[in-house]
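To start, the structure under review is shown below, and the notes come after it.
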2 protein chains.
Amino acid sequence: MNIGDIARITNLPAKTIRYYEDIGLVNPARDDNAYRRFNDNDVHKLGFIGRARSLGFTIEDCRALLALYEDKDRASADVKQIAQHHLDLIDAKIAELKAMRTTLGHLIESCAGDHRPDCPILEDLAVISQKEPC
Amino acid sequence: MNIGDIARITNLPAKTIRYYEDIGLVNPARDDNAYRRFNDNDVHKLGFIGRARSLGFTIEDCRALLALYEDKDRASADVKQIAQHHLDLIDAKIAELKAMRTTLGHLIESCAGDHRPDCPILEDLAVISQKEPC
DNA sequence: TCTTGACCTTCCAGTTACAGGAACCTCTAT
DNA sequence: ATAGAGGTTCCTGTAACTGGAAGGTCAAGA
């Protein structure tokens, strides 16, 4: 199978698949014409990576998870640790965004949004006093 | 005031302030020794940018907000529109992260996390069936 | 046979918002 | 005179791709 077929199957852009080869996540064979030739294992791996990425794992996480996946002597604790760490990061990010959301939501509510220049949003941003960073 | 003083006042790294000059957000004067010399207006602007950034506004948003701030004939509607758009992006991001969090949370719960290789997390990632991306 | 269009290749640049580091200059205090 | 703190520019790297240029390959139709 050529890269276009795999792109369709895995729902990953061909560009992305080439990139994954560049950084050593996959290693497809080559035909005489230099076209990449993907086998079932490559498809499987790329699907794995795609799903991990869609859960927000970094590329390096994907690399580690893939290695564990292929290591039949792995300890599930190692997998869980990676996942838990990632979950913690997600939770931290959600908390950060929610704090922003709250502040920004209040500011937007209080802004008339008309033709006049008066704007609580700008006034807040321009405030001299040192608040804790959001 | 030199860059270090401003860095302390605004709580922005000196590197960041230089970067903001590079991209034209601020334009401090220079002393004979080529040191940047910041006045009160520069401090004010950098504080403004810092607070906008801490609410997650992009640099280009900051540029636009700063322009509106300095335009005394602005319409608050223009400010509100930028803020509302940003809020929408934040909400989308929160929703995305929450979906990841839910899926990942379930997977982690179901993983024993011991010395054995069996792992529902890996099994899920390796699934052949095409689910909707998370 | 020629051509057209779809597909493939590599390589380079751009994205975001900085951070790190090298090499070097300047100021102040001892 | 020298040390140390602070300033300068310039270059590289980050994450994970995306876009585009320039060009090779393949299958089908006129």
Side-chain angles (χ1 to χ4, degrees), chain A residues 1-38 42 45-46 48-66 85-86 89-90 93 96-97 100 133-134, chain B residues 1-38 42 45-46 48-66 85-86 89-90 93 96-97 100 133-134:
Chain A
M1 287 192 289
N2 288 342
I3 200 167
D5 307 316
I6 304 304
R8 251 160 269 134
I9 292 173
T10 61
N11 213 25
L12 291 171
K15 278 268 186 190
T16 299
I17 297 173
R18 288 195 196 98
Y19 172 69
Y20 289 166
E21 186 192 19
D22 257 18
I23 61 173
L25 281 185
V26 287
N27 198 19
R30 296 292 184 128
D31 281 337
D32 290 343
N33 57 13
Y35 285 18
R36 289 169 182 81
R37 182 161 33 79
F38 295 85
D42 294 323
K45 263 181 158 181
L46 285 166
F48 185 101
I49 297 166
R51 279 181 292 278
R53 291 285 301 131
S54 80
L55 284 175
F57 284 104
T58 66
I59 289 286
E60 289 316 306
D61 282 345
C62 290
R63 198 190 299 277
L65 290 170
L66 213 43
H85 180 236
H86 179 46
L89 292 180
I90 288 177
K93 193 73 193 173
E96 189 192 349
L97 287 172
M100 288 179 187
C134 186
Chain B
M1 286 190 289
N2 288 342
I3 200 167
D5 306 316
I6 304 303
R8 251 160 269 133
I9 291 174
T10 61
N11 213 26
L12 292 171
K15 279 267 184 192
T16 298
I17 297 173
R18 288 195 196 98
Y19 172 69
Y20 289 165
E21 185 191 20
D22 256 17
I23 62 173
L25 281 185
V26 287
N27 198 19
R30 297 292 184 129
D31 282 338
D32 290 343
N33 57 12
Y35 285 19
R36 290 168 182 80
R37 182 163 32 81
F38 295 84
D42 294 323
K45 266 181 156 181
L46 286 167
F48 184 102
I49 298 167
R51 278 180 294 276
R53 293 284 302 131
S54 81
L55 284 175
F57 284 104
T58 66
I59 290 286
E60 288 317 304
D61 282 344
C62 291
R63 197 189 299 278
L65 289 171
L66 213 41
H85 180 236
H86 180 46
L89 292 180
I90 288 176
K93 193 72 193 172
E96 189 191 348
L97 288 172
M100 288 179 186
C134 185

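Worth saying up front: this structure is predicted, and the values here are computed from it rather than measured. Labels below follow one simple rule: chain letters A, B, ... track the order of the sequence lines, proteins then strands, and each chain is numbered from 1.
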L25(B) and L66(B) have their tightest heavy-atom pair at O-CD2, 4.0 Å
Taking all non-hydrogen atoms of both residues, which atom of H86(A) and which atom of L55(A) are closest, and how far apart? NE2-O, 2.8 Å
OP1, OP2 of dT8(D) versus side-chain N and O of R18(B): anything below 4.0 Å? yes
Spacing between M1(B) atom CE and dG7(D) atom C1', to the nearest angstrom: 16 Å
Nearest heavy-atom pair of V26(A) and I17(A): which atoms, and what distance? CG2-O, 4.4 Å
Please report the shortest heavy-atom distance between L12(A) and L46(A), naming the atom on each side. CD1-O, 3.7 Å
Atom-pair distance (CG on N33(A); C1' on dT9(C)), nearest Å: 9 Å
Interatomic distance where CZ belongs to F38(B) and C1' belongs to dG7(D) [whole Å]: 11 Å
Heteroatom pairs (N/O) under 3.5 angstrom, protein to nucleotides 1-3 of chain C:
none

CG of D22(B) versus P of dT12(D): gap in Å, rounded? 16 Å
Is any side-chain nitrogen or oxygen of R36(A) closer than 4.0 Å to OP1 or OP2 of dT25(D)? no
Reckon R37(B) touches a base, only the sugar-phosphate, or nothing at all at heavy-atom distances under 4.0 Å? nothing
Among K45(B), K15(B), R36(B), find the one that has a salt bridge (Lys or Arg N to Asp or Glu O under 4.0 Å) with E21(B). R36(B)
Can you see which heavy atom on F38(B) is nearest to which on I3(B), and at what distance? CE1-CA, 3.6 Å
For a quick test of reading the model, state the closest non-hydrogen atom pair linking R37(B) to D42(B) and the distance between them. O-OD2, 4.0 Å
Could you tell me the separation between the CD1 atom of I49(B) and the P atom of dA17(C), rounded to a whole number of Å? 12 Å
List, with names and distances, any nitrogen or oxygen atoms from the protein found under 3.5 Å away from nitrogen or oxygen atoms belonging to nucleotides 3-6 of chain D.
| residue | atom | partner | partner atom | Å |
| --- | --- | --- | --- | --- |
| dG6(D) | N2 | Y35(B) | OH | 3.0 |

Which parts of nucleotides 13-19 of chain D does protein reach within less than 4.0 Å, heavy atoms only, written one letter per nucleotide 5' to 3' as B for base, S for sugar-phosphate only and - for none? ---BBSB
Atom pair distance, as rounded to whole Å: CZ in R63(B) and P in dA17(C): 10 Å
Using whole Å, report how far CD1 of I23(B) lies from P of dC18(C). 8 Å
Heavy-atom side-chain contact between H85(A) and D61(A) under 4.5 Å: no
Would you mind reading off the distance between D31(A) atom CG and dT25(D) atom P, rounded to a whole angstrom? 13 Å
Can you check side-chain contact (heavy atoms from CB on, under 4.5 Å) on R8(B) and D5(B), steps first, answer last? CA-CA 5 Å; R8(B) 251 160 269 133; D5(B) 306 316; 3.4 Å; yes
Let me see the working for R53(A) and I59(A) under side-chain contact (heavy atoms from CB on, under 4.5 Å), right down to the final yes or no. CA-CA 7 Å; R53(A) 291 285 301 131; I59(A) 289 286; 3.8 Å; yes
